[in-house]
Structure formats: structure tokens, C-alpha cells
Amino acid sequence: MIVRTRFAPSPTGFLHIGGARTALFSWAFAKKHGGTFILRIEDTDVARSTPEAVQAILDGMQWLGLDYDEGPFYQMQRMDRYKQVIQTMLDAGSAYYCYSSKEELDALREQQMANKKKPRYEGKWRPEAGKVLPAVPKDVPPVIRFKNPQDGVVAWDDMVKGRIEISNSELDDLIIARADGTPTYNFCVVVDDSDMGITQVIRGDDHVNNTPRQINLLKALAEIDSTIIVPQYAHLSMILGNDGQKLSKRHGAVSVMQYDEDGYLPEAVINYLARLGWSHGDEEVFSKQQFAEWFDLDHITPSAAQFNTEKLNWLNNHYIKAANLEVLAKDITQRLGRMGIAIATQPAIKEAIALYRDRANTLNELAQSIAYFYSKPQIDEVAKEKHITADILPVLNTLATQLVSIDWTVEAIHAAIEYAVTSNALKFPKVAMPLRVMLTGGAQSPSIDAVMAILGKDEVLARMNMTLN
RNA sequence: GUCCCCAUCGUCUAGAGGCCUAGGACACCUCCCUUUCACGGAGGCGACCGGGGUUCGAAUCCCCGUGGGGACGCCA
């Protein structure tokens, strides 16, 4: 059978890290098996769905490089189909009208909770052989409920959690169409998964409780249309925030696009997410393509995973070091632009990046660290006081005048500094540190001669003189 | 409350009854490299939630407990 997986977000917000991982795993499973990955937008909640959210999800998927083979499909465009299926269920007797009002249901729920029972629809309008239904009230528009089996158990072999069995007595007759006629989530999912020929449903484990309902629905549908099959299910555990707390809008849940803004490479985010809850032996660093080749549902951890920014940083640093310099230059130029720093042709940004990429966890850090090449640095006063001492000023002055006439190469610059050091019987840092402070603003930088070579003679002298005079 | 799920270093994880003196990675610490800070290299610290079984043998299988999480909508 050809594998068909899907990612089915509801457009009520951005694509967050949990959704991104679900999408990634679905995508990878399809790729691994040469199958088809489908994007489906579950927008039946008209009140909360927005076109902006749809776009945000599309943007997020694109940034991560999660390309889909089919879709995006929109559930709102499939209304006719849902209504048609509901009618067949009504005709077959596997669905029925229920005239209990919302108020009535709320009261029932409250009472059940108070009695420490699991709140459930009690089946007032469920037709039964020999049962006399109440008189239909005139003022209540009916919902349509699914006639869920009352006996036995629903069971499935979850591909990550193993066998799960739930007694039908735990389930009630769920509403499949609202009073206004629009179908509800569990019903739409079932029709779509079935119509789209989904073979593996890979989703968050907050859906575990929906699964038995969906399987029952599918089985009822299969009695009408025998070609309908129950897919396999894989429920992914959730991702917790850095502090171990559940991610929520108020608490740490951010758009994947925020990672772009914060200076993370999509390769790093993909790699990180892949290792969150899944493993391939001791492998830690691998590409999306490699992941797709290795991916399998057998090596997914069933327990929740805590997000760890430090490990993401480490991976991001790895990918920054490995990135194409040309691509990096383009990105960093934009980031500097957003910081209000325009890039001159000199110094060459690629050289500055090459000098600094090893030490940056994010692209923003990288941009920040080379900003001083293009705008005068803010001198760190503490570092200045510590390193630019009165006794070293004459040495620096002499060095400045010597620098005027040398070839502007790393070697020549190094030789000039070395001369200043030895001729005054000093240690190298004694001269290098004040140079760092004058030229970069702080006490940490790569080799100072390399920095100077890139900065350019004029700028080096200008900055030196600014402090020395 | 009811039902469901989960449980190995601080974190992500390896682990399919003997390969486990529990492995790797991030973080942390030490040392080396060194021109400061990084990078890199070499080491170190550090875990099977508790209790019962099963077995010659349990991190691994079973039961109970504890802890955490999820679901219980005319939301998805």
C-alpha cells in the first residue's frame, strides 16, 4: 500500500514548535516510504480561523522546507461532501437528531461532575428498538449525533504508544453536526482521512482520546461503504518548554518564524526537532534528507520532551559554521540592515563573517559581532580602563606611526605588533589587548592582526588615534 | 472526579532479559591549544521514581504505589 500521511493544523494561530515537529514526522514518514504528504487546513471553526493564520502556517512550513505533495485542502470547501456523508449515516441509522438544548446539556454535565462521574451525553434522543422518544420541541434546532456502540471496546495498536483499548461505555454519542448544520471536527477528520486515503495518522497525543471515537465513526462508515478502512495511528507526545512547563500562548509557545527572526537556521531547527523524541542510535547531527531516510516510528519516545535552547544553539552554531559563506553574507547583510547598519563594500563582509562564524550561536549574534566593522564601536569603559593604561600609550603611539607605512597584510601587521612587543620587552597581550579595545570596543575578538587586516589601514589608524589623542 | 498516557544523568536520548562497571549528545567542570574570547582536542561530574513479584539473571516483563501529563465542548 502506498503511504499517505497528512498534517492537519487548524488555522487559529501560527505554526508553533509542536506543530512543526508533528509536520516534520509526518513528512519524514511519507518520504521514507516513497509516499505522499498532504497538507489539510482544518478551518471549520469559522469564529477562530483566520486567513492570516493560514498564511503563517504556510510560511512556517516553507521556511522549514516541509514541502507537501497534495493540498493545501480546506475543510470549509468540503462542506457538501460532509453533509452528503451525514445524510447517508442518517439514512443508515448510525446517526440521529438530538433536540437537547445547550442549557440542558450544560446542566447535565455539571450534575455528572458533581457526582464525580465522567460527563457524558445520556442518550435521551438516541433511537432504540422499542424506545419511545420524547416529543420534539418546537424551539430547539437539533444537532446530529453519532450512534456510538455501547458495548465492547475500541482498540488500536498505536505505532508509538502500543496497544490502547478503550471501553465503548466510556464514550458517548458525539455531535457530528451542529444545530446550524456544520459538521464538527471528529467527523470531518474521519471523512477527510478516509477520502484522502490516509494510511498513517501521525499527530499529537492530545488526540489519543479522539481516536476511539474516530475509529467507531470509521467503522460505521465502513458498513455503508466497504472500501473504507481504519488507518494506522501514531500519537506523538508533547513538547514542553525550557522550564518543563506546558507550552501555551502565554507560556513560551512561539511561531517557528520567530526562530528565523532570532537567527536560527531552518536546518538547525529541523535537526533539533528530529532529535526531540526520536533517535537513531547515537546520531546527533544530520540533514533533513538523512532524517527522511532514517526515520521510523519504532524509535519515537512515548514520553514528553522538554525543549532545550542550549542544544538548539549548539546545533545552530554547527550549521552556521557549515553554511555557505555567500548565503550567510546575504542573510547577515539583511540583519545588519535591520539593526540600522549599512554594509560598505569594504571591509568585505564575507571575511568578517569567516572570522566570526565559529563563535556565534545565532545569526543575530553573528551580525552583532561584526557590526563594529561598519560602525564605530561603543568602547567598553571597564576594558578601556584595564587595558589602555598610561604606560602603554607611548608604545601604541609608536606602533600607530609604524603601521602607516607597512603593507596591509596579516603578516606585516603581526610583525609590527611583534616588534612593538619585543622592542619594549613586553608580553604580546600587553599590546594586543589595548588594540582590541580601541578597534573592536571590547576585550574579546579573534586574532587582532586578522581583525586589523579586515578593518583596513585607514579605519585602524582612525580608531587608534581617536583613543590616543 | 472519571478515563487514557508517561517515568534512564540537569536536558535530549541509547537500551527489545545476560553485550550495562548503564553508552552518546547538550550544559557544567578541569586540562591542552592560544594573543583575549571563542573554535578545536583530551578528560571529568552525572541517571535506571519506590516497593513487590517472574527469572539462574531485570533498566528491560508483570502488579501495586508515587509523581507528571492529557482528555472529558454544538473547539480543533
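Throughout, a chain's letter reflects where its sequence line sits, starting with A, and its residues are numbered from 1.
Base engagement by A:H414 is indicated by at least one non-hydrogen atom pair under 4.0 Å involving a base atom.
Sorted by first and then second residue, the salt bridge (Lys or Arg N to Asp or Glu O under 4.0 Å) pairs with a member in residues 268-281 of chain A read A:R275-A:E284; sequence neighbours excluded.
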Enumerate donor-acceptor pairs with a distance under 3.5 Å from any side-chain N or O in residues 432-441 of chain A to protein atoms, sequence neighbours excluded.
unit_1: A:R436; atom_1: NE; unit_2: A:S445; atom_2: OG; d: 2.8
unit_1: A:R436; atom_1: NH2; unit_2: A:P446; atom_2: O; d: 3.4
unit_1: A:T440; atom_1: OG1; unit_2: A:R436; atom_2: O; d: 2.7
unit_1: A:T440; atom_1: OG1; unit_2: A:G442; atom_2: N; d: 3.3
unit_1: A:T440; atom_1: OG1; unit_2: A:G442; atom_2: O; d: 3.2

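When the salt bridge (charged side-chain N to carboxylate O under 4.0 Å, His left out) test is applied to A:R109, the partners found at least two apart in sequence or on another chain are A:D106. In terms of the salt bridge (charged side-chain N to carboxylate O under 4.0 Å, His left out) criterion, A:R178 has no residue partners (sequence neighbours excluded). With sequence neighbours excluded, the residues forming a salt bridge (charged side-chain N to carboxylate O under 4.0 Å, His left out) with A:K430 are A:D391, listed by chain and number. Qualifying side-chain contact (heavy atoms from CB on, under 4.5 Å) partners for A:Q368, counting only residues two or more places apart in sequence or in other chains: A:M339. In this structure, A:D449 has no salt bridge (charged side-chain N to carboxylate O under 4.0 Å, His left out) partners at least two apart in sequence or on a different chain. Every residue meeting the side-chain contact (heavy atoms from CB on, under 4.5 Å) condition with A:N308, not counting sequence neighbours, appears here in chain and number order: A:N242, A:Y272, A:E310, A:K311.
For the segment residues 50-61 of chain A, the set of residues with a heavy atom within less than 4.0 Å of an atom of RNA chain B is empty. Scanning residues 444-457 of chain A for heavy-atom distances under 4.0 Å to RNA chain B yields A:Q444, A:S445, A:P446, A:S447, A:I448, A:D449.
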Reading 5' to 3' through nucleotides 65-76 of chain B, protein heavy-atom contacts under 4.0 Å coded B for base, S for sugar-phosphate only, - for none: ----SBSBSBBB
Reading 5' to 3' through nucleotides 19-30 of chain B, protein heavy-atom contacts under 4.0 Å coded B for base, S for sugar-phosphate only, - for none: ----BBBSS---
